[in-house]
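Report on one structure; see the data block that follows.
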2 protein chains.
Amino acid sequence: MNKIEKNSQSGRTYGGESAAERLARQRQTFMDAGLELFGTVGYRATTVRMLCKEAGLIDRYFYKTFTDTEDLLAAVYTESLDQIQTQVLAAINATGSEPITAKHIELGLEAFFSAFENSRVARVCWLEVLGVSPRIDTLYISRIQEFAELLLRLGKSMMSNWPLGEEETRITGIALVGAISQSAMQWLLDDYRSPRATLVSANGRLIRGLFNTPSH
Amino acid sequence: MNKIEKNSQSGRTYGGESAAERLARQRQTFMDAGLELFGTVGYRATTVRMLCKEAGLIDRYFYKTFTDTEDLLAAVYTESLDQIQTQVLAAINATGSEPITAKHIELGLEAFFSAFENSRVARVCWLEVLGVSPRIDTLYISRIQEFAELLLRLGKSMMSNWPLGEEETRITGIALVGAISQSAMQWLLDDYRSPRATLVSANGRLIRGLFNTPSH
DNA sequence: TACTTCTGATGACGCTTGTCGTCAAATAAC
DNA sequence: GTTATTTGACGACAAGCGTCATCAGAAGTA
């Protein structure tokens, strides 16, 4: 009875790490392994065994933090996007505050495409998360919309009066994100053939075109 | 020896069908089953057994036409896009020939989004084909580029002089396709909440904005 | 030093998969 | 009517999967 009742919350230090530190390190190790494998061989081809081998840990520690590979995928995706979003916002804010100009947009795009020069990140964020499960779909939707809202916030503040209704505004934002992300995707699938500046320029032009067009 | 050497090219009629007719019907049945399953439960969750059950045929006839489920996916994807492309072109051509106007674009978009109101087609074309394999990736790339070139051909003929270089033109086309397809994808994932006209309008505005913007 | 906890290696289980073989019934050809 | 082909139902097989249990050794704790 004394052995069965252990709930392993004892939390001893081991190898110079506290229980919390060990858990955090294991988690991060699996996150790295996930990004590596999801971003190369792909999510559907990645197994728990492969993740453990890549991480140099055993499955017990995988299941301690994640329920399954889909859970890990969600975590990797979320963290990657968080990082990118932070970088993009930093680039925009570093440009100086209001009013928002085309220069802000350009630097934001620059930061965005820079981040996706990491092919593993790019593959996970644009290819691997799609069509996995309703849960991941929901996550994807909300992230795309988040990006769209950021873009619209910037764009609107470049224009004196915004002519579109709410629904059409929402879709326009999503379309813009789609333009940028499709560029990134094709860039990846094309082995980053074009220079980054061309991507930035083409998408910048698209955005400027929109925010200068009269309602009809 | 007489049984082993049979190469089953005899081709008898059976059930009122010639060998070629039977093969064609079986193929089409599996294509339908593929669209149904890939478009609902998804490609990675679809097995040969499920396809056979859905098709009402046994695996022998599956392997006679397709090497594996990936092969079927490629076929379903190709056929779906062929159909849509035909419909879009028909809508544009029905509008009357040169010069290309915004009306042509609008009707093309209308046809495009109409086709993707079939959620199975939409799911296969936008979600399920991504991140499957290098072969499917290649197929996807070439199809996207094909659409992009069509769009650029229309757009260019709306402008007196096209200011962009080759590489930037290519990426701009891909970005436009991305805008449209991301709209379609979100439309699908959102259970077709918005009216189709809003999708057409938002994307039409984006395209017009681009083709009216000065080089800088 | 004695005891407990943590770790990694290994193997086992139940399940699903792709794929193939067998066999009897249906159909066509001679 | 006899023979050959086509079909569907069914089962078998190896392989790979997620998951769990066991066990010996390493590393703390008392």
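Chain letters run A, B, ... following the sequence lines, proteins first, then strands; residues in each count from 1.
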When we call it a touch if two heavy atoms are under 4.0 Å apart, what does Arg22(A) touch: a base, just sugar-phosphate, or nothing? sugar-phosphate

Taking any heavy-atom pair under 4.0 Å as a contact, classify Glu17(B): base, sugar-phosphate, or nothing. nothing

Taking atom [atom2] of [N] as reference, at what distance in whole Å does atom [atom1] of [X] sit?
| X | N | atom1 | atom2 | result |
| --- | --- | --- | --- | --- |
| Lys64(A) | dC6(C) | NZ | P | 7 Å |
| Leu51(A) | dC17(D) | CG | P | 11 Å |
| Arg60(A) | dC23(D) | CZ | C1' | 11 Å |
| Glu21(A) | dC6(C) | CD | P | 15 Å |
| Tyr14(B) | dA28(C) | OH | C1' | 8 Å |
| Arg44(A) | dC17(D) | CZ | C1' | 17 Å |

Short heteroatom pairs, N/O only, protein and nucleotides 10-20 of chain C, under 3.5 Å:
| from | atom 1 | to | atom 2 | distance (Å) |
| --- | --- | --- | --- | --- |
| dG18(C) | OP1 | Val48(B) | N | 3.4 |
| dG18(C) | OP2 | Val48(B) | N | 3.2 |
| dG18(C) | N7 | Arg49(B) | NH2 | 2.9 |
| dG18(C) | O6 | Arg49(B) | NH2 | 3.2 |
| dT19(C) | OP2 | Tyr63(B) | OH | 2.8 |
| dT19(C) | O4 | Arg49(B) | NH1 | 3.2 |
| dC20(C) | N4 | Asp59(B) | OD2 | 2.8 |

Under the salt bridge (Lys or Arg N to Asp or Glu O under 4.0 Å) definition, can you give me all pairs with a residue in residues 75-93 of chain A, not counting sequence neighbours? Asp82(A)-Arg143(A)

Can you sort out the partners of [X] under salt bridge (charged side-chain N to carboxylate O under 4.0 Å, His left out), two or more places apart, ordered by chain and number?
| X | answer |
| --- | --- |
| Arg153(B) | none |
| Glu117(B) | Arg196(B) |
| Glu17(B) | Arg25(B) |

Are any protein N/O atoms closer than 3.5 Å to N/O atoms in nucleotides 1-4 of chain D? If there are, list each pair with its distance.
| from | atom 1 | to | atom 2 | distance (Å) |
| --- | --- | --- | --- | --- |
| dA4(D) | N3 | Arg12(B) | NH1 | 3.3 |

Is the shortest distance from a Lys or Arg side-chain nitrogen in Asp32(A) or Arg120(A) to a carboxylate oxygen in the other one below 4.0 Å? no

Is the shortest side-chain N to carboxylate O distance from Arg170(A) to Glu149(A) below 4.0 Å? no

For Ala197(B), is there any backbone N or O sitting under 3.5 Å from a side-chain donor or acceptor partner on Ser201(B)? no

Checking Ser181(B) side chain against Val177(B) main chain: does a donor-acceptor pair fall under 3.5 Å? yes

Of Gly15(B) and Arg25(A), the one whose closest DNA chain C nucleotide lies more 5': Arg25(A)

Walk me through whether Phe147(A) and Phe112(A) qualify under ring pair (Phe, Tyr, Trp, His ring centres under 6.0 Å). CA-CA 11 Å; Phe147(A) 249 116; Phe112(A) 182 87; 5.7 Å; yes

